Amino acid sequence: MPDFTYTAHPARIVFGSGTLERVADEVGRLGRSRALVLAGEHLHDVADRVEKILGPLAAGRFDGAAMHTPVEVTEQALAVLRETGADCVVAVGGGSTTGLAKALAVRTGVDQVVLPTTYAGSEVTPVLGETAEGVKTTRTDPAILPETVIYDVELSAGLPRPLAVTSAVNALAHAVEALYAPDANPVVDGMALDAVRHLARGLRGLDTDPDARADLLRGAWLAGTCLGAVGMGLHHKLCHTLGGSFGLPHAPTHTVVLPHAMAYNAAAAPEAMRRVAEALGAADAPTAVFDLIVDAGGPTSLRELGLAEADLERAVELAVAKPYPNPAPLTRDGLAGLLRRAWAGERPPGPTMIDGLTAQVVATFAGTEDPRLRALLTDLVPRLHAFAVANDLTQAEWQQGIDFLTRTGQACTDTRQEFVLLSDTLGLSSVVDVLDNSRTPDTTPSAVLGPFYVEGPPELPQGADVSAGLPGTPLYVDVTVTDTEDRPVPDAVVDVWQSNEDGFYDVQLPDLDGPVLRGRLRTDAEGRLRFRSILPSEYPIPDDGPVGAMLRAAGRHPYRAPHLHFMIDAPGHRRLITQLFVRGGKYLDSDAVFGVKEDLIVDFEPRTSPTPDGAAVEGEWRELCYTFRIAGTA
Ligand code: NAD
């Protein structure tokens, strides 16, 4: 399970039918005695009722709440707040009225009791969007979060049907985007899915089910809580742009854009889409949301909301101007297609037959007992399918791939590992090596095992000649193994292996009386190990098999830079598999298996002085001195 962080926002929620009657109790519960009632247009009657129930707690009234919380309106309300000496605000209305309450609270610290009449969800978020001189800016502050929210189903039932539909889809958008948010977590996921279920049931039952409004309000509360807890993606940013720059109405814009934004993200967020589809009881989430909106009578085109076709291009430019986290990368072409379909009111492209097939295959792994295996298989299949789709793979190419892999397997023997070679030449071995082994900067870097390691090499004593007298420039190796505190590691088992002077390993030379140029040695009490060998040379990886054919087809050379292999095992320490490369050797910058790391290129010093073991050597010999630092297992 991935790590997560979850911050709960401390709000009191009162939910039910007729809960409006409890507004005076809730103000009293906060220890407040002078409430300024806030409302917007269309809700004067409800505000009158609130004032009546508050009785002596009502200190005044401000009816001017407006869309997008303009600061000049906030200034007027602030003056009324001061005049009346109110110590709290009671807001009754949609997101616009809640916005005004928040704007007053963040400036003065007054407590807020909010009675939402729409499904916007603002009442449970610590976020405030304000407009000054035509520019809307958003800020987040714990002081913005209302202290108490009274959800009254009867109150929200007054919301006219068209507004109810668009407002509910606005809430649905919070829940959907929460499921693929970068900071998604299991608590929010649970709320989001419950929100999707309640909102869908409410929308479907608007004309027939007496509980539909309760479902919508409950869904709105849950979805709003998701909005306040995690970051939103493409859909919200796009709606923000369309609302801010083209004056499109808030909830209807959300309604039109949501299915298209979901379709845009569907391939990049398959798990979120699968869960939304499941909660909707449908096979495909984006088209199911579109159909839900159509059935509920909601708007489906930006054209009908008043966006001019000529504005589409600027909308795309604005949408790609500032990058933000989103499951699918934001491309100009992709967004242009999305906006054009949303403008024209088209049904978003449904799942292809292949999407369905991929989902079907993935589903067959659901019962895999080992969770890691399940996760790997579940991820591998969509990527393989996507590769085939993206490249429009032909039957002949598929067959060629199968034949290639078959030949790769057939080339494998006890002493030749063509699959490792394939992995090496594709760079995969180095990727896994970096992921698995190279996370401790204070240890010697690791390197790939390579295809020529043979289990159980011959045990050799200190000072042995692993080359068994084979021709080549003599090499004296003097290495020490220490831990990360520079303490020597005695009795470490060190396997070494290398190529001969012509670049061949013993396993490639059937006539050789091997094993040779490989051995298992142990460090002494000082963590030191000395042995004699010959200078390794560059060599081609075996290129007479399918991997060689691949390299030739790609115009790549098969050479490895000259190196010596080491595998170090010591009790209480992590195994280190690495290679030391000969400084100045060939192919250091184009190693066929991408195995060279800068820190592993070392000096194999030329010498002519007497050899360390006194053996007679004609001419130059080389000396390799090196200290390996290995990590403890703890
Ligand atoms: P709104 O509050 O502007 O209401 C839309 C219209 O419906 C208004 O004309 C309003 O008077 C009317 N209305 C509301 N309730 C009614 C009822 N019961 N009966 C009859 N008419 C009613 O719109 P909204 O969609 O609720 O909120 C949108 C605003 O809220 C936007 O400014 C948006 O940015 C903001 N918002 C903020 C957050 C946040 O977390 N900060 C979250 C969601 C929305």
Side-chain angles (χ1 to χ4, degrees), residues 39-43 64-71 73 91-100 102-103 116-123 125 127-132 134-138 156 158-174 176-177 199 203 206 216 220 223-224 227 232 234-262 289-290 292-294 296-312 314-316 318-319 338-346:
E41 49 175 353
H42 311 303
L43 287 161
M67 192 86 153
H68 302 312
T69 326
V71 286
V73 173
V92 58
S96 298
T97 311
T98 306
L100 176 60
K102 289 173 161 184
T117 61
T118 70
Y119 309 123
S122 174
E123 63 282 353
T125 79
V127 183
L128 168 64
E130 295 183 286
T131 319
V135 180
K136 189 166 178 176
T137 47
T138 302
S156 71
L159 187 65
R161 196 184 181 292
L163 289 180
V165 171
T166 56
S167 195
V169 179
N170 182 189
L172 188 61
H174 309 332
V176 168
E177 289 226 294
L199 292 166
L203 280 167
L206 258 180
L216 291 181
L227 174 71
M232 297 285 121
L234 168 67
H235 170 80
H236 280 76
K237 305 287 187 235
L238 212 47
C239 291
H240 190 89
T241 302
L242 292 168
S245 304
F246 303 98
L248 298 191
H250 181 81
T253 306
H254 273 267
T255 306
V256 171
V257 171
L258 182 61
H260 299 280
M262 288 173 71
V289 167
F290 183 86
L292 185 67
I293 294 164
V294 171
T300 53
S301 74
L302 294 175
R303 177 171 37 194
E304 70 188 280
L305 301 186
L307 186 71
E309 189 173 10
D311 285 334
L312 284 175
R314 193 158 72 89
V316 172
L318 289 169
L338 183 170
L339 280 172
R340 176 148 292 280
R341 281 188 289 277
W343 182 82
E346 288 171 20

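Every value quoted in this text rests on a predicted model; they were computed, and no experiment measured them.
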Between Pro299 and Thr166 the two heavy atoms that sit nearest each other are CD-CG2, 3.6 Å

Thr138 versus Val127: any side-chain heavy-atom pair under 4.5 Å?
yes

Determine whether a donor-acceptor pair (N or O, by modelled atom type, separation under 3.5 Å) exists between the side chain of Thr69 and the backbone of Gly129.
yes

For Leu339 and Leu312, which heavy atoms make the closest approach, and how far apart are they?
O-CD2, 3.9 Å

Where Gly94 and Thr117 come nearest, the two heavy atoms and their spacing
N-OG1, 3.3 Å

What pair of heavy atoms forms the shortest contact from Met232 to Glu177, and how long is it?
SD-CB, 3.6 Å

Between Ala220 and Leu199, which heavy-atom pair has the shortest distance, and what is it?
N-CD2, 3.9 Å

Can a donor-acceptor pair be found, under 3.5 Å and without considering hydrogens, that links the side chain of His260 to the backbone of Trp343?
no

Counting distance only, does the side-chain N/O of Ser301 pair as donor-acceptor with the main-chain N or O of Ala344 below 3.5 Å?
no

In sequence, state the C-alpha distance, the side-chain angles, and the governing distance for Leu216 and Leu159, and then conclude on side chain to side chain contact (heavy atoms under 4.5 Å, CB included).
CA-CA 11 Å; Leu216 291 181; Leu159 187 65; over 6 Å; no

Rounded to the nearest 0.5 Å, what separation is found between the CD atom of Glu346 and the CZ atom of Arg340?
9.0 Å

Is any side-chain heavy atom of Met262 closer than 4.5 Å to one of Phe290?
no

For residues Val169 and Leu292, determine if any side-chain heavy atom of one lies less than 4.5 Å from a side-chain heavy atom of the other.
no

Ser167 (side chain) donor-acceptor with Ala164 (main chain) under 3.5 angstrom
no

Starting at CG of Leu248, measure out to SG of Cys239 and round the result to the nearest 0.5 Å.
9.0 Å

To the nearest 0.5 Å, atom CG of Leu307 lies from atom CG of Leu302 at 5.5 Å

Could you tell me whether His236 and His240 have their ring centroids closer than 6.0 angstrom?
no

Glu123 vs Lys102, salt bridge (Lys or Arg N to Asp or Glu O under 4.0 Å): CA-CA, chis, key distance, verdict
CA-CA 9 Å; Glu123 63 282 353; Lys102 289 173 161 184; over 6 Å; no

Considering all heavy atoms, the nearest Gly224-Thr125 contact
O-CG2, 3.6 Å

Walk me through it: do Thr118 and Leu163 pass the test side chain to side chain contact (heavy atoms under 4.5 Å, CB included)?
CA-CA 8 Å; Thr118 70; Leu163 289 180; over 6 Å; no

Check for a donor-acceptor pair, side chain of His250 on one end and backbone N or O of His68 on the other, with a separation under 3.5 Å.
no

dist Leu318:CG -> Thr241:OG1 (nearest 0.5 Å) comes out at 6.0 Å

Any side-chain heavy atom of Leu234 sitting closer than 4.5 Å to one from Leu338?
yes

Considering the options Thr255, Val294, Val256, which one meets the side-chain contact (heavy atoms from CB on, under 4.5 Å) requirement together with Thr300?
Val294

